[in-house]
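Working notes, structure below.
No hydrogens, no waters, no symmetry mates; every other heavy atom, side chains included, goes into these values.
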Amino acid sequence: MALRIGFDLDGVLADMETALVREAEKLFGPGVVRQRGQQAKAGPASMSDLVPEEVSDDSPLRHDLQLTARQRRQLWRHVQAIDRFWESLDEMEPGIVARLEALTTERRWEIIFLTRRPATAGPPAQLQSQRWLEARGFRLPSVYVVTSSRGLIASALTLDLVVDDTPENCVDVAADSKARTIAIFRHPELPPPPSLQTMGIHLVKSTGECLDLLLDIDASLQQQPGAVERLMRNLGLKQSANA
Ligand SMILES: [Mg+2]
């Protein structure tokens, strides 16, 4: 069987954070943002420190900052006015989209990209996202702009695995679907959020490591049906709720 995998975009494949930080520095000056220091603090700033409540989530940031509510609204208004903002982002890890495309073709995976991106100036967020993926080497990408629970979507689409960097999305998928959840947590110096250490969610430090893991899962699946269940159990990945 072909693995059916849901991939989040921002923080997994696309670097929205760096683009937002760049725009914040344009608006408020370079002093507003620092690269995170080595010393571990209580925890990283989260997306909710950078953008307004209606578009934010609890994904941890690599930069240290805390904008005021007024600055967050100002930044977001500014970003929404940028033509094709979603097409302008860098990759999280250079070449990661092309590598995903190569593995998808070779292993015959079925991929759907899931994103909560709001509209900005220019084409709809869905089309900007498709163009972004195509420009980096993923042909004919299926992109779904999520407006409700990711868990319900993963369940309705009968996905085998979902990859995300936002803890609340990972918990949502683990709770509401049979899909296994791979959480990308890029802060080796910090303990992962407690919510990610429950429900069989598997943590990786990078998208590259995630692709390695997907290859392992795929290889086991090809060798012997049933092996994948054992492998996932060994990896601490969630078992099907009704299995
Ligand atoms: Mg994300």
Side-chain angles (χ1 to χ4, degrees), residues 2-27 47 50-52 54-57 59 61-63 72 75-150 153-154 156-157 159-166 169 173 179 182 184 186 206-211 214:
L3 283 179
R4 297 157 63 84
I5 310 168
F7 261 86
D8 179 40
L9 287 177
D10 294 311
V12 172
L13 298 171
D15 190 359
M16 171 173 74
E17 178 181 337
T18 298
L20 289 175
V21 161
R22 199 181 301 134
E23 299 304 324
E25 288 182 326
K26 277 188 210 162
L27 289 177
M47 205 43 91
L50 188 55
V51 290
E54 64 271 21
V55 286
S56 74
D57 56 41
S59 55
L61 301 183
R62 308 183 312 283
H63 295 81
R72 294 198 289 270
L75 172 61
W76 191 246
R77 275 198 306 274
H78 167 79
V79 166
Q80 283 187 295
I82 297 174
D83 187 39
R84 297 168 194 261
F85 173 73
W86 299 118
E87 289 186 52
S88 74
L89 307 186
D90 292 328
E91 288 179 284
M92 284 302 300
E93 297 162 35
I96 197 72
V97 173
R99 186 175 171 219
L100 175 60
E101 153 79 20
L103 294 180
T104 297
T105 304
E106 181 194 314
R107 308 311 312 170
R108 303 170 63 87
W109 293 340
E110 294 179 10
I111 304 285
I112 185 158
F113 299 97
L114 303 171
T115 179
R116 205 163 70 99
R117 290 175 168 176
T120 67
Q126 183 190 43
L127 183 53
Q128 288 190 43
S129 302
Q130 289 173 309
R131 285 182 173 168
W132 184 88
L133 286 159
E134 280 207 326
R136 282 149 195 84
F138 200 104
R139 284 165 296 152
L140 300 173
S142 297
V143 174
Y144 184 72
V145 180
V146 177
T147 54
S148 63
S149 150
R150 290 202 186 206
I153 288 161
L157 298 179
L159 298 179
D160 297 308
L161 292 132
V162 172
V163 182
D164 207 308
D165 68 311
T166 296
N169 289 346
V173 169
I182 300 177
I184 300 190
R186 301 178 190 273
S206 68
T207 309
E209 191 187 327
C210 169
L211 295 186
L214 289 174

Exercise. Step by step, would you call Leu9 with Ser129 a side-chain contact (heavy atoms from CB on, under 4.5 Å)?
Worked result: CA-CA 9 Å; Leu9 287 177; Ser129 302; 3.9 Å; yes
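- With sequence neighbours excluded, the residues satisfying side chain to side chain contact (heavy atoms under 4.5 Å, CB included) with Gln80 are Trp76.
- Taking every heavy atom of both residues into account, Leu103 and Leu211 meet most closely at CD1-CB, 3.9 Å.
- Residues satisfying the ring-ring contact (aromatic ring centres under 6.0 Å, His included) criterion with Phe85, sequence neighbours excluded, are absent altogether.
- For Asp160 (side chain) and Ile5 (main-chain N/O), no donor-acceptor pair under 3.5 Å exists by modelled atom type.
- Looking at heavy atoms from C-beta onward, Pro123 lies in side-chain contact with Arg131 at the 4.5 angstrom threshold.
- Interatomic distance, CZ of Arg72 versus CG of Leu20, reported as 13.0 Å (0.5 Å rounding).
- Under the rule for a side chain to side chain contact (heavy atoms under 4.5 Å, CB included), the partners of Gln126 that lie at least two apart in sequence or sit in another chain are Gln130, Val143, Val145.
- Considering CG of Leu13 and CZ of Arg99, their distance stands at 12.0 Å, rounded to 0.5 Å.
- Under the rule for a salt bridge (charged side-chain N to carboxylate O under 4.0 Å, His left out), Glu134 has no partner lying at least two apart in sequence or in another chain.
- The structure places OG1 of Thr115 at 9.5 Å from CG of Asp164, a figure rounded to the nearest 0.5 Å.
- Counting non-hydrogen atoms of other residues, nucleotides and ligands closer than 6.0 Å to CZ of Arg108 gives a total of 12 or fewer.
- Side-chain contact between Leu133 and Phe7 is absent, with no heavy-atom pair separated by less than 4.5 Å.
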Exercise. When you look at Leu214 and Ile182, which way does the side-chain contact (heavy atoms from CB on, under 4.5 Å) test go after all the steps?
Worked result: CA-CA 10 Å; Leu214 289 174; Ile182 300 177; 3.9 Å; yes
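- Residue pairs meeting the side-chain hydrogen bond (donor to acceptor under 3.5 Å, both in side chains) criterion with at least one partner in residues 8-18, sequence neighbours excluded, are Asp8-Arg150, Asp10-Arg117, Asp15-Thr18, Asp15-Arg62, Glu17-Arg62, Glu17-His63, Thr18-Arg62.
- Atom CH2 of Trp86 and atom CG of Leu127 lie 14.5 Å apart (nearest 0.5 Å).
- A 4.5 Å side-chain heavy-atom check between Leu50 and Ser56 finds every atom pair outside the cut-off.
- Considering only heavy atoms from C-beta on, Val12 stays 4.5 Å or farther from Met92 through its side chain.
- Residues Ile111 and Phe138 have side chains in contact (heavy-atom distance under 4.5 Å, counting atoms from C-beta outward).
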For this session: List the steps and the verdict of salt bridge (Lys or Arg N to Asp or Glu O under 4.0 Å) for Arg186 and Glu93.
Result: CA-CA 12 Å; Arg186 301 178 190 273; Glu93 297 162 35; 2.7 Å; yes
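- For residues 138-147, every residue pair satisfying the side-chain hydrogen bond (donor to acceptor under 3.5 Å, both in side chains) rule, not counting sequence neighbours, is listed here: Glu101-Arg139.
- No salt bridge links Arg22 with Glu25; every basic N to acidic carboxylate O contact stays at or beyond 4.0 Å.
- Of the inter-residue distances, the one linking Thr207 atom OG1 with Ile184 atom CD1 reads 3.5 Å to the nearest 0.5 angstrom.
- Here the side chain of Trp132 pairs a donor or acceptor atom with the backbone of Leu89 at under 3.5 angstrom.
- Two residues are said to be in side-chain contact when any heavy atoms from C-beta on lie closer than 4.5 Å; Val97 and Glu91 meet this criterion.
- Atom-to-atom distance recorded for Arg84:CZ and Thr120:OG1 is 9.5 Å, nearest 0.5 angstrom.
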